[in-house]
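Take a look at the structure set out below.
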Amino acid sequence: EEIVRKFPSSPVVGEVRLALARLYEAKHQSQRALTIYDEMMQARVPSLLVGQVRDLRAALLEKHPELAVTNTGPTKAP
């Protein structure tokens with residue numbers, strides 16, 4: 001995390017963040033890993049990593065479906 005903070009524009013930041021997410025998965029910190037995958041999907045991730053991030057995120061959600069957020073919007077009282 002320190003490398004990402006100190007060198008946010010470095011070309012290796014994407015790889016570091018991906019490794020960090022994988023580390024969180026290994027440590028059973030799935031929500032933290034998912035957060036990183038989501039941030040990477042929204043950020044300008046190098047094209048070589050996009051597919052890998054997408055696949056890892058999908059595998060994580062398949063393994064932990066409780067992490068999937070469904071946005072149904074606010075409910076109205078009758």
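In this text, all values refer to a predicted model and were calculated from it rather than measured experimentally. These values consider heavy atoms only, across backbone and side chains, with no hydrogens, waters or symmetry-generated copies.
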- Would you call R22 and Y37 a side-chain contact if the rule is heavy atoms closer than 4.5 Å? yes
- Nearest 0.5 Å, what's the CD-CG distance between E25 and L60? 4.5 Å
- Item | From CG (L20) to CD (E15), nearest 0.5 Å | 13.5 Å
- Minimum-distance pair of heavy atoms, taken over all atoms of L67 and S30: CD1-CB, 3.6 Å
- Working to the nearest 0.5 Å, report the span between CG of L34 and CD of Q29. 13.0 Å
- If you draw a 6.0 Å radius around CD in E2, do more than 12 non-hydrogen atoms from other residues or ligands fall strictly inside? no
- Message: Using the salt bridge (Lys or Arg N to Asp or Glu O under 4.0 Å) criterion, which residues pair with R32? Sequence neighbours excluded.
- Response: E1
- Task: List in chain and number order the residues that pass side-chain hydrogen bond (donor to acceptor under 3.5 Å, both in side chains) with D38, two or more places apart in sequence or in another chain; answer none if no residue qualifies.
- Result: R57
- Message: Please report the interatomic distance CG(L18) to CG(L48), rounded to the nearest 0.5 Å.
- Response: 12.0 Å
- Contact summary for A33 and A21, nearest pair of heavy atoms: CB-O, 3.4 Å
- Query: Are E39 and R17 within salt-bridge range, i.e. N to O under 4.0 Å?
  - Reply: yes
- Gap between atom CG of D55 and atom CD of E62 - 0.5 Å precision: 11.5 Å
- What's the spacing between I36 CD1 and L56 CG if we round to 0.5 Å? 12.0 Å
